[in-house]
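The structure under discussion is supplied below as structure tokens; questions concerning it will follow.
Here is the naming used below: chain letters follow the sequence lines, and residue numbers restart at 1 for every chain. All heavy atoms count here, side chains included; hydrogens, waters and symmetry mates do not.
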Amino acid sequence: MSTSSGSSSSQSPPTMASISDVSALFQTAKKYEELNVIGTGAYGTVYKARDLHNGGQIVAMKKVKVALTEDGIPLSTLREIALLRQLEAYRHPNIVRLLDVCHGGQSSERDHQLVLFLVFEHVEQDLDSFLKRAPGPLSENRIRSMSYDILSGVDFLHSHRIVHRDLKPHNLLVTSNGRVKLADFGLAKTYDTEMKLTSVVVTLWYRPPEVLLGLSYNTAVDVWSAGAVLAQLHTRTPLLPASCDSEQLHAIFRLIGRPPREEWPAGVCIMAESFPDYPPKDLASVLPRVHPHALDLIKGMLVFDPAKRLTALDCLEHPYFTEEPLN
Amino acid sequence: MPYWYYDKKDLQNTPSFRDGIPTETENRYRKEGARFIIDTGSKMDLGYNTVATGVVYFHRFYMFQSFRTFPRYITACCCLFLAGKVEETPKKCKDIIKVAKSLLTEEKFSSFGEDPKEEVMTLERILLQTIKFDLQVEHPYGYLLKYAKCLKGDKAKLPKMVQMAWTFVNDSLCTTLCLQWEPEVIAVALLFLAGKLSKFEVADWNGRSAKHTAWWDMFVEDITMELLEDICHQVLDLYSPQTQPSGSDSPPVASSTKLPKNDKSSVTPPTSASPVIVPAKPAVTPLKNGAELKPELAKMDMRFTYPGYPGLPPYPAVYTAPPPVLPAHPPPPLVYAEPPPAPPGARFPPVNVPPPNFFPPLGKRPPPPRAPLPPRPYYPPP
């Protein structure tokens with residue numbers, strides 16, 4: 001049993017005049033020692049830190065600023081934290097462990113902000129650096145097992161009604177024994193309120209067309225992103241690199257073909273005709289020497305219409321994973 | 001990850017206890033705090049789930065903090081406030097405070113300080129840190145219904161039995177059971193208790209297999225009769241006179257409270273913890289302190305309305321049997337006055353339902369063995 005700050009066991013405190021007097025004791029949880037910044041994203045900074053209460057175990061600490069409302073911490077943030085905590089009970093092997101949540105107190109009475117710390121297990125590298133450091137192509141089996149890990153994690157989130165929304169190699173972590181774990185999900189609504197304040201560029205390479213076109217979206221967005229990542233496992237280079245929204249759409253249509261006008265979704269302000277009538281490319285030409293099963297799977301994930309895209313569960317049951325021969 | 005279950009020894013050695021508050025007093029504070037959350041929540045039409053979540057936060061909070069540092073009623077308010085947000089039934093902080101003020105004596109409300117809303121907001125952050133942001137809480141209610149649906153027996157008695165078990169679950173919030181056992185275990189025990197008291201014989205159950213010696217084996221492994229009895233006794237003790245408090249108020253508040261006059265003569269009936277909800281009866285009697293028991297208060301949101309699954313007659317929403325035997329005294333005051341010291345030898349008016357000494361008195365028994373739930377692995381690795 002460990003109290004959060006060790007400050008509660010003081011002997012016979014005098015009558016407390018007000019909660020505020022006591023609250024100072026709880027503001028800084030001196031439990032973690034920040035070591036260095038691992039990354040700065042649109043949503044906050046991630047530090048490598050030492051857990052002083054647990055034998056100096058190294059953790060990844062994510063700092064998220066939450067705007068306080070008139071009624072304290074926003075409901076959406078509380079819901080999201082509750083959900084993250086609840087997911088933790090399953091200890092899914094492809095989801096990064098959430099070890100602790102704490103807050104750093106209100107930074108000042110005037111700015112009405114609360115700094116939240118989400119403490120995760122520290123995993124040495126992400127898929128991005130893993131692929132960059134790989135000396136040569138990954139083995140078929142390695143690719144298949146990593147693909148399965150990613151899709152298992154996505155399916156797990158989807159079965160708990162969580163949409164990751166930002167799946168990319170940067171937030172897929174690779175453990176020392178080569179397993180992949182999903183990170184950085186589940187705070188979408190919390191981020192949304194904060195995102196407007198930041199101007200960090202977010203990568204578009206894994207964004208599905210419905211998001212780029214400003215349509216409503218669902219779990220299928222993650223399948224698209226996972227498809228782009230799976231392709232990257234084979235080639236070790238991004239499948240659809242582009243530098244702005246419109247270029248990204250062009251890149252997508254150059255690969256999968258521009259959908260015919262009758263399939264163009266209603267309610268999009270961009271017209272189908274804004275794009276040349278790209279014909280679909282043969283995926284095998286883009287991903288040479290890739291097993292037909294793998295190509296078929298990726299093709300099913302990179303389908304324009306979210307409703308026709310495979311689900312994560314469909315993917316896990318794809319012959320690529322269920323049939324034996326692979327070479 | 002935090003682990004929220006404690007054995008009886010841990011439950012004694014709490015921060016409040018180390019702070020010089022006797023266990024009985026702490027248990028009374030816990031009970032009053034829980035009761036207050038239930039009453040406030042009911043008055044605000046919050047569902048049983050939100051209320052129960054708030055109470056669990058409250059009990060967990062005081063496993064790490066002392067009642068001397070944090071007065072119980074403001075903590076209770078904050079727990080309800082937070083539970084409202086987490087369960088997506090939010091209530092404005094100022095509205096909760098308003099209701100709290102109406103339920104508390106002026107003296108008790110003074111613990112809310114000069115700026116009650118600001119105090120609750122500050123406390124929210126302390127509460128979150130203390131309960132380690134572990135916000136999602138499960139309750140026995142869902143399990144209770146799930147288990148009851150499997151039981152086969154006298155169909156006419158089943159709804160009554162479920163209703164009684166439901167009420168026991170409500171009342172169990174006033175104990176520390178949620179700090180001892182998983183909701184599944186509590187659901188089994190209180191369904192068992194209600195079954196005994198309403199003489200519902202479990203003739204058979206759906207999903208029975210050869211290795212089951214009792215219906216609950218199907219849901220939770222290794223539940224012993226001793227454990228069931230222990231849990232039932234903890235709930236039944238709520239209705240017994242010994243547990244009625246006679247003691248000082250919470251430490252920070254000066255203790256010589258003048259009691260309202262009508263309290264002197266009467267003995268507070270354990271309505272608060274009665275398995276029979278006593279809604280309709282006292283509704284009209286005006287109280288001496290001017291407050292009137294409004295019907296809204298009687299309309300307990302905690303009450304379970306039987307969903308009426310196929311094959312069962314529709315169950316009336318209001319629980320009628322067994323009838324409460326109410327004392328001839330005026331109803332308990334609406335305001336949370338300090339409970340009166342029990343007159344020597346006073347007996348509480350008999351409450352019809354519980355303890356017909358169904359179980360032999362608990363002697364010195366070894367603590368029941370912990371029946372850990374099996375871990376919940378998710379997917380088998382590929």
TODO: To the nearest 0.5 Å, tell me how far A:Leu114 CG sits from B:Glu124 CD.
DONE: 9.0 Å
- [ ] Could you tell me whether B:Lys92 and A:Asp71 make a salt bridge, using a distance below 4.0 angstrom between a side-chain N and a carboxylate O?
- [x] yes
- [ ] Kindly indicate whether the side chain of A:Glu70, heavy atoms from C-beta on, has any atom under 4.5 Å from the side chain of B:Lys117.
- [x] yes
- [ ] Identify the two heavy atoms, one from B:Gln129 and one from A:Cys102, that lie closest to each other, and give their separation to 0.1 Å.
- [x] OE1-CB, 3.0 Å
- [ ] Search all heavy atoms of B:Lys85 against all heavy atoms of A:Ile73 and return the closest pair with its distance.
- [x] NZ-O, 2.6 Å
Open item on the list: Nearest 0.5 Å, please: how far is CD in B:Gln136 from CD1 in A:Ile81?
Closed with: 12.0 Å
- [ ] Please name all residues satisfying ring-ring contact (aromatic ring centres under 6.0 Å, His included) with B:Phe109, sequence neighbours left out, ordered by chain then number.
- [x] B:Phe112
Open item on the list: Would you compute the distance between atom CG of A:Leu78 and atom CD of B:Glu88 and round it to the nearest 0.5 angstrom?
Closed with: 10.5 Å
Open item on the list: Once rounded to the nearest 0.5 Å, what's the spacing between atom CZ of B:Phe133 and atom CG of A:Leu98?
Closed with: 11.0 Å
Open item on the list: Holding to ring-ring contact (aromatic ring centres under 6.0 Å, His included), I want the full list of residues that pass it with B:Tyr62, two or more places apart in sequence or in another chain.
Closed with: B:Phe58, B:Phe67
TODO: Any chance you could lay out the side chain to side chain contact (heavy atoms under 4.5 Å, CB included) test for A:Val101 and B:Leu128, step after step, and finish with the verdict?
DONE: CA-CA 9 Å; A:Val101 183; B:Leu128 279 166; over 6 Å; no
